[in-house]
Each structure stands twice: as C-alpha cells, then as structure tokens.
Amino acid sequence: MPSSLRLVLASASPARLRTLHAAGLAPEVIVSGVDEEGVNAASVADLVRTLARLKAESVFAEIGATDTLIIGCDSLLELDGRGHGKPRSAADAVDRWRRMSGRSGALHTGHHVILGRGDRTTARSEVASTTVHFARLTEPEIAVYVASGEPLQVAGAFTIDGLGGPFVSMIEGDHHNVVGISLPLLRMMLADLGVAWTSLWSRDGAS
C-alpha cells in the first residue's frame with residue numbers, strides 16, 4: 001500500500017536523486033543551509049554521520065514534522081586518515097588523483113533519517129563504508145579527467161557511474177554507497193522506523 005508520507009531528500013546531489021529514482025522513490029529535494037566547513041568530528045565516519053544529521057535536522061526545522069520522512073546524506077573519501085570532499089580547484093583535483101592513483105581509500109556516507117508522524121518524531125543515523133581501489137592513472141589521463149570538470153563536482157574527486165568509472169578497478173562493499181546513498185542500509189533504517197521500502201515506491205518509479 002502506498003505511503004502518505006511526504007518524502008524529502010535533504011541533498012543537492014543529482015547522483016543521490018537519480019539513485020533513488022531508479023529504485024522507485026520520487027523524493028522532493030530541499031537543500032539545507034548547513035555550513036559544512038565549521039563542523040568537526042573525531043573521525044571521517046563520525047563527520048559524515050554528523051553532517052548528514054545536521055542536514056536532515058535543518059530541513060526538518062524548515063518544513064515541520066507532520067507525515068514527513070526526511071533523508072539526509074553526506075559523503076567523504078578517507079585517504080591517509082583524512083576526509084576529502086569536493087576539490088577546491090582543478091589543481092587540487094590533480095593533486096588528489098596523483099595521491100589516489102594505484103591506491104585504495106574508504107568512501108564513507110552518513111545517512112540520517114527523520115520520521116515525523118503527528119506529534120511524534122523518530123530518527124536513525126548510520127554510516128556505510130565502501131573500500132575503493134583506484135587504477136593507476138597516467139599523467140595525461142589525470143589531466144584530461146580533471147579538465148572534464150567531473151572531479152570538481154563530487155566528493156573524493158571521482159565517480160563510479162560516470163567518466164570516472166574506468167578509473168575504479170574494484171570496490172569492496174555497496175556500489176550505491178559510492179554513488180552517495182546506500183540503498184540496502186537505507187531500507188534497513190526505514191524498516192527500523194516502521195516504514196516499508198515498497199510503500200515509498202512512486203507509481204511512475206514502480207511501473
């Protein structure tokens with residue numbers, strides 16, 4: 001039976017929205033105004049968990065609670081113990097890829113879900129982590145890839161579902177998590193809140 005919940009994605013990521021659409025969900029997108037630069041945490045995993053929570057809570061405060069399900073996410077690539085979001089410049093992206101080439105990193109995505117029903121609000125937070133093994137790139141490959149502009153738009157300076165796909169030799173973990181949202185994890189989080197995944201299928205998405 002379809003849900004009457006208002007489904008909201010608290011993220012500007014086109015990749016997350018495409019992933020949810022492909023899985024049958026049609027969320028409304030409301031972007032939070034969270035200042036990510038001012039947030040600190042003990043680890044990269046804790047940081048993405050915190051940022052996802054802050055994004056979801058910001059949107060929740062903006063639109064209210066009645067019959068609403070809000071999904072907040074944040075992703076960072078951990079390499080050498082540091083978290084890497086979007087590169088600040090093309091030069092930064094080139095430097096990143098020189099360090100990533102032929103190595104492995106962990107892509108962490110924080111997920112925070114807020115469910116508002118009547119006067120009751122419940123929430124869950126989880127982090128999914130996927131090990132990403134990068135191919136060894138040549139300098140011309142790095143230069144051309146960065147010049148495409150794609151690495152500047154995404155956390156970790158790479159995609160697995162776009163131009164960067166051939167530069168990822170293998171992953172250990174959930175593919176969707178690398179894109180920016182772990183569908184299996186999200187399904188379990190929703191089930192814990194009493195929301196069946198299939199109840200969120202849109203008519204267009206499930207047809």
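Remember, predicted model here, so these are calculated numbers, not experimental data.
For the ring pair (Phe, Tyr, Trp, His ring centres under 6.0 Å) condition, no pair includes a residue of residues 69-88, sequence neighbours left out. The stretch residues 165-177 participates, sequence neighbours left out, in no salt bridge (Lys or Arg N to Asp or Glu O under 4.0 Å) pair at all. Each side chain to side chain donor-acceptor pair (under 3.5 Å) pair with one or both residues in residues 151-167, not counting sequence neighbours, appears once here: E150-T159.
Considering all non-hydrogen atoms of both residues, V59 and A10 come closest at CG2-CB, 3.6 Å. Looking at every heavy atom in both residues, Y145 comes nearest to G164 through OH-CA, 3.4 Å. Contact detail for A52 and G110: the closest heavy-atom pair is CB-O, 3.4 Å. Counting all heavy atoms, side chain and backbone alike, H112 lies closest to A56 at CD2-CB, 3.7 Å. Contact between C73 and R16 at its shortest, heavy atoms only, is CB-NE, 3.4 Å.
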Exercise. Report the C-alpha distance between T68 and L7 in whole Å, list the side-chain angles of each, state the deciding distance to 0.1 Å, and finish with yes or no for side-chain contact (heavy atoms from CB on, under 4.5 Å).
Key: CA-CA 6 Å; T68 301; L7 181 61; over 6 Å; no
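Contacts of R136 classified as salt bridge (charged side-chain N to carboxylate O under 4.0 Å, His left out), with partners at least two apart in sequence or in another chain: none. Residues that satisfy the salt bridge (charged side-chain N to carboxylate O under 4.0 Å, His left out) test with R88, not counting sequence neighbours, are E37. Residues passing the side chain to side chain donor-acceptor pair (under 3.5 Å) test with R187: none are found, sequence neighbours excluded. Residues satisfying the side chain to side chain contact (heavy atoms under 4.5 Å, CB included) criterion with A155, sequence neighbours excluded, are S75. Residues meeting the salt bridge (charged side-chain N to carboxylate O under 4.0 Å, His left out) test with R96, sequence neighbours left out: D92. Applying the side chain to side chain contact (heavy atoms under 4.5 Å, CB included) criterion to A191, with sequence neighbours excluded, gives no partner residue. For D80, the salt bridge (charged side-chain N to carboxylate O under 4.0 Å, His left out) test picks out R103, with sequence neighbours left out.
The line from NE2 of H111 to OG of S182 is 5.0 Å long, rounded to the nearest 0.5 Å. The CG atom of D74 sits 12.0 Å away from the NE2 atom of H108 when rounded to the nearest 0.5 Å. With rounding to the nearest 0.5 angstrom, the CG atom of L20 is 6.5 Å from the CG atom of L183.
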Let me have the donor-acceptor pairs involving side chains of residues 44-51, under 3.5 Å, with sequence neighbours excluded, atom names and distances please.
| from | atom 1 | to | atom 2 | distance (Å) |
| --- | --- | --- | --- | --- |
| D46 | OD2 | S43 | OG | 3.3 |
| R49 | NH1 | S125 | O | 3.3 |
| T50 | OG1 | D46 | O | 2.9 |

Only pairs under 3.5 Å count here: list side-chain donor-acceptor contacts from residues 24-34, not counting sequence neighbours, and write none if there are none.
| from | atom 1 | to | atom 2 | distance (Å) |
| --- | --- | --- | --- | --- |
| E28 | OE1 | R6 | NE | 2.8 |
| E28 | OE1 | R6 | NH2 | 3.2 |
| E28 | OE2 | R6 | NH2 | 2.8 |

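The pair D67-R117 does not meet the salt-bridge criterion, since no charged nitrogen lies less than 4.0 angstrom from a carboxylate oxygen.
A side-chain N or O of S104 and one of H133 form a donor-acceptor pair less than 3.5 Å apart.
Under a hydrophobic clustering in which Ile, Leu, Val, Met, Phe, Trp and Tyr are joined whenever their side-chain heavy atoms come within less than 4.5 Å, directly or via other members, V146 and V144 fall into different clusters. Under the 4.5 Å side-chain contact rule for hydrophobic residues, I181 and W201 share a cluster.
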